[in-house]
Amino acid sequence: MSTSIFYHAGCPVCVSAEHDIVNLIGSDNVEIVNIGEDKTRIAEAEKAGVKSVPALLTPTKNVLHLNFGASIEDVKA
């Protein structure tokens with residue numbers, strides 16, 4: 001993986017963080033995944049270690065949890 005993945009659920013906190021992440025690292029360096037809309041990606045996020053969203057998975061596979069919008073369990077519901 002050479003780019004980061006930004007997981008979020010579409011809430012205002014997540015969307016604000018998305019804009020900041022894109023402005024900081026550039027849209028070419030991050031894949032945006034709204035797991036609120038694409039629930040098929042939840043298992044992938046969990047496997048990577050995402051516990052809540054918004055979260056950024058770095059190219060070195062570190063998960064950076066930003067603010068707190070929703071837990072993964074809440075997104076699954």
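Just so you know, residue 1 is the first one in the sequence shown, and it goes up from there. Side-chain atoms are counted along with the backbone in the values below, which use heavy atoms only and exclude waters and symmetry mates.
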So OG1 of T3 and CD of E31: to nearest 0.5 Å the spacing works out to 6.5 Å
CG (N29) and OG (S2) are apart, to the nearest 0.5 Å, by 8.5 Å
Might you point out which heavy atoms bring [X] and [Y] nearest each other, and give the distance in Å?
{"X": "V75", "Y": "I35", "value": "CG1-O, 3.7 Å"}
{"X": "I72", "Y": "V50", "value": "CG1-O, 3.4 Å"}
{"X": "H8", "Y": "C14", "value": "CB-CB, 3.3 Å"}
{"X": "T58", "Y": "S4", "value": "CA-OG, 3.8 Å"}
{"X": "A55", "Y": "H65", "value": "CB-CD2, 3.9 Å"}

Under-4.0 Å salt bridge between E46 and K76 | yes
Is a salt bridge present between E44 and K47, judged by a nitrogen-to-oxygen distance below 4.0 Å?
no
Residues at least two apart in sequence or cross-chain that pass side chain to side chain contact (heavy atoms under 4.5 Å, CB included) with S27, listed by chain then number, are V22
**Message:** Are I5 and L66 connected into the same hydrophobic cluster when the rule is that any two of I, L, V, M, F, W, Y join if their side-chain heavy atoms are below 4.5 Å apart?
**Reply:** no
Paired with F6, the side-chain contact (heavy atoms from CB on, under 4.5 Å) test is passed by just one of L57, I32, I25, N34, namely I32
Exercise. Would you mind reporting whether V53 and D74 have side-chain heavy atoms less than 4.5 Å apart?
Key: no
Q. Does some side-chain heavy atom of Y7 sit less than 4.5 Å from a side-chain heavy atom of P54?
A. no
**Prompt:** Is the count of non-hydrogen atoms from other residues, nucleotides or ligands lying under 6.0 Å from K39 atom NZ greater than 12?
**Reply:** yes
Looking at D38, I'd like to know if its CG atom is crowded, meaning that more than 12 non-hydrogen atoms belonging to other residues, nucleotides or ligands lie closer than 6.0 Å. yes
